[in-house]
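One structure is given here, and the rest of the page talks about it.
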There are 2 protein chains.
Amino acid sequence: MNAPRTRIQAENRARIAAAALDVFSAEGFRGATVDAIAERAGMSKPNLLYYFPTKDAIYREVLERLLDDWLAPLRALDEAGDPVQEIAAYLDRKIEMARDFPAESRLFANEMLRGAPNMIDVLEGDLRALVREKAKVIRAWSAAGKIAKVDPYHLIFAIWATTQHYADYDVQVRAVLGDDGEGRFHDGAAFLRRLFLDGLRPR
Amino acid sequence: MNAPRTRIQAENRARIAAAALDVFSAEGFRGATVDAIAERAGMSKPNLLYYFPTKDAIYREVLERLLDDWLAPLRALDEAGDPVQEIAAYLDRKIEMARDFPAESRLFANEMLRGAPNMIDVLEGDLRALVREKAKVIRAWSAAGKIAKVDPYHLIFAIWATTQHYADYDVQVRAVLGDDGEGRFHDGAAFLRRLFLDGLRPR
DNA sequence: CTTTGTCTTGACCATCCGGTAAAATCGACG
DNA sequence: CGTCGATTTTACCGGATGGTCAAGACAAAG
């Protein structure tokens, strides 16, 4: 079943994964029920379990599909580019993801909150290696005087935190700002560019 | 039962709330079981249910106890103080809370991820009012030329996001940095002070 | 010591939920 | 069309979980 062998299998597995993403991200792993996922995917529970053996397997599949997209913006950070522009572009890409794929962000957040039981190996493997590589890039920029000398790891954390906040804490942001359509993403992006590049102290 | 009338009631309700905080923050609302909370509180499930009528009531109690502490650091932002020092101090207080009360932060995050079903009224009420008030303070600082002219709402969001990240995404931070004792909080605080005050662009 | 209300417990129940079995239906291909 | 594997459904099971109940243990006041 791992490699879909028919058209119907490919379609249904994709539909299930999409439905599962919505339900898991909104309710957490334990809060999500197989019935709820099946209903959202437009099929019966036993039918769903024909495609995935267990609830756990669905969850893992969703996490796996997530990961590549998740790491893509950081991968795109280009040593050869202009440092200031690269960082601004990274912020923009991440804010766009928070706006366009909030469920993905929330699912990831849920997994982190629980201690990443299904991702700890990836975090300590691929993710860690990627961050180390990009930290080196940032340090090189610092050393060349292109940006200030700051801890590259905590810089990356700050970029993740500020941008994902607009997805993970969306209720709070909307409650505080009042309903603003999608203006918060635009304003947030503008603010973050300003914050990260120039800080608050008047020049 | 709402107002504890005996010593034992006060003690046990407090023990239950503490245990519930740990369990809810680690497992989410649905993932937490009354049995698990009771065990952690060192009592039987029916005994626990003698003090709180339902699991939901326990959860609401924990959320309520949380809120005052949660808003305290922002409340402490003092218009009369030096703006740069006030913001740096706010960052420090929030980082300390992430280090010393990570369960509180995670519980809050869990609630936000689910759409804040039990807090939406507070978010749109007290929290919103408090943020509006402090936003005015920040805007006054900007107008006086004490800090740059930035959107005060998004500034507050950025402070929340970056500091709480060290509690909510602790697994990820530790996975990326390797185990560092508690150095990450110190380094993170130093980085954030630098970021918020001066930004990345070289001066 | 005894009484009275507080606290605690063991046994139990109903529901929800993940998962299974087997029969029924569908659909691609000869 | 007819066949056979792929897909879907109906009915069901067992364990977990939130919550109840009635009786017993305990503590404080007299």
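As a basis for the values below, the full set of heavy atoms in this structure was taken, side chains included, without hydrogen atoms, waters or symmetry mates.
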Whole-Å gap separating [atom2] ([N]) and [atom1] ([X]):
X       : N      : atom1 : atom2 : result
A:Asn47 : C:dT25 : CG    : P     : 15 Å
A:Asp35 : D:dC12 : CG    : C1'   : 14 Å
A:Phe52 : C:dG19 : CZ    : P     : 13 Å
A:Ile8  : D:dT8  : CD1   : C1'   : 10 Å
A:Glu11 : C:dA28 : CD    : P     : 11 Å
A:Leu49 : D:dC12 : CG    : P     : 19 Å
B:Glu39 : D:dG18 : CD    : P     : 14 Å
A:Tyr50 : C:dA24 : OH    : P     : 18 Å

Quick one: side-chain hydrogen bond (donor to acceptor under 3.5 Å, both in side chains) pairs with a partner in residues 74-83 of chain A, sequence neighbours left out?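 Not a single pair qualifies under side-chain hydrogen bond (donor to acceptor under 3.5 Å, both in side chains).
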
May I ask you to test the B:Tyr59-B:Phe52 pair for a side-chain heavy-atom distance under 4.5 Å?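 The answer is no, as the side chains (C-beta and beyond) never meet within the 4.5 Å cut-off.
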
Given side chains that start at C-beta, do those of B:Phe191 and B:Thr162 come closer than 4.5 Å, heavy atoms only?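 No, every pair of side-chain atoms sits at 4.5 Å or beyond.
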
Is a salt bridge present between A:Glu61 and A:Arg65, judged by a nitrogen-to-oxygen distance below 4.0 Å?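 Answer for the salt bridge query: yes.
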
Parallel, tilted or perpendicular for B:Tyr169 and B:His165, by the 30°/60° rule?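 Rings of B:Tyr169 and B:His165: parallel, as their planes differ by under 30°.
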
Students often get this wrong, so: under 4.0 angstrom with heavy atoms, is [X] touching a base, only sugar-phosphate, or nothing?
X       : result
B:Ala57 : nothing
B:Ala38 : nothing
B:Thr33 : sugar-phosphate

Would you kindly check whether a donor in the side chain of B:Lys45 faces an acceptor in the base of D:dG19, or vice versa, at under 3.5 angstrom?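 Yes.
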
Hey, is the side chain of B:Gln9 poking within less than 4.0 Å of OP1 or OP2 on C:dT6, counting only N and O atoms?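 B:Gln9 to C:dT6 OP1/OP2: no side-chain N or O under 4.0 Å.
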
Between D:dA6 and A:Asn12, is there an OP1 or OP2 to side-chain N/O distance shorter than 4.0 Å?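 False: A:Asn12 side-chain N/O out of range (4.0 Å or more) of D:dA6 OP1/OP2.
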
To check you understand the geometry: which heavy-atom pair defines the closest contact between B:Val173 and B:Arg184, and what is its length?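 Scanning both residues, the minimum pair turns out to be CG1-CD, 3.6 Å.
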
Consider the side chain of B:Tyr51, meaning its heavy atoms from C-beta on, and name the nucleotide among C:dC7, D:dG19, C:dA21 that approaches it most closely.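 It is C:dC7.
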
Do the side chain of A:Arg15 and the main chain of A:Ala41 share a donor and acceptor less than 3.5 angstrom apart?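 Confirmed, A:Arg15 side chain pairs with A:Ala41 backbone.
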
Hey, which sits more toward the 5' end of DNA chain C by its nearest nucleotide, A:Arg7 or B:Thr6?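 Taking each residue's closest nucleotide, the earlier one in sequence belongs to B:Thr6.
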
Which of residues 15-31 of chain B sit near DNA chain C, with a heavy atom under 4.0 Å from it?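 Of all residues in residues 15-31 of chain B, the ones placing a heavy atom under 4.0 Å from DNA chain C are B:Arg30.
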
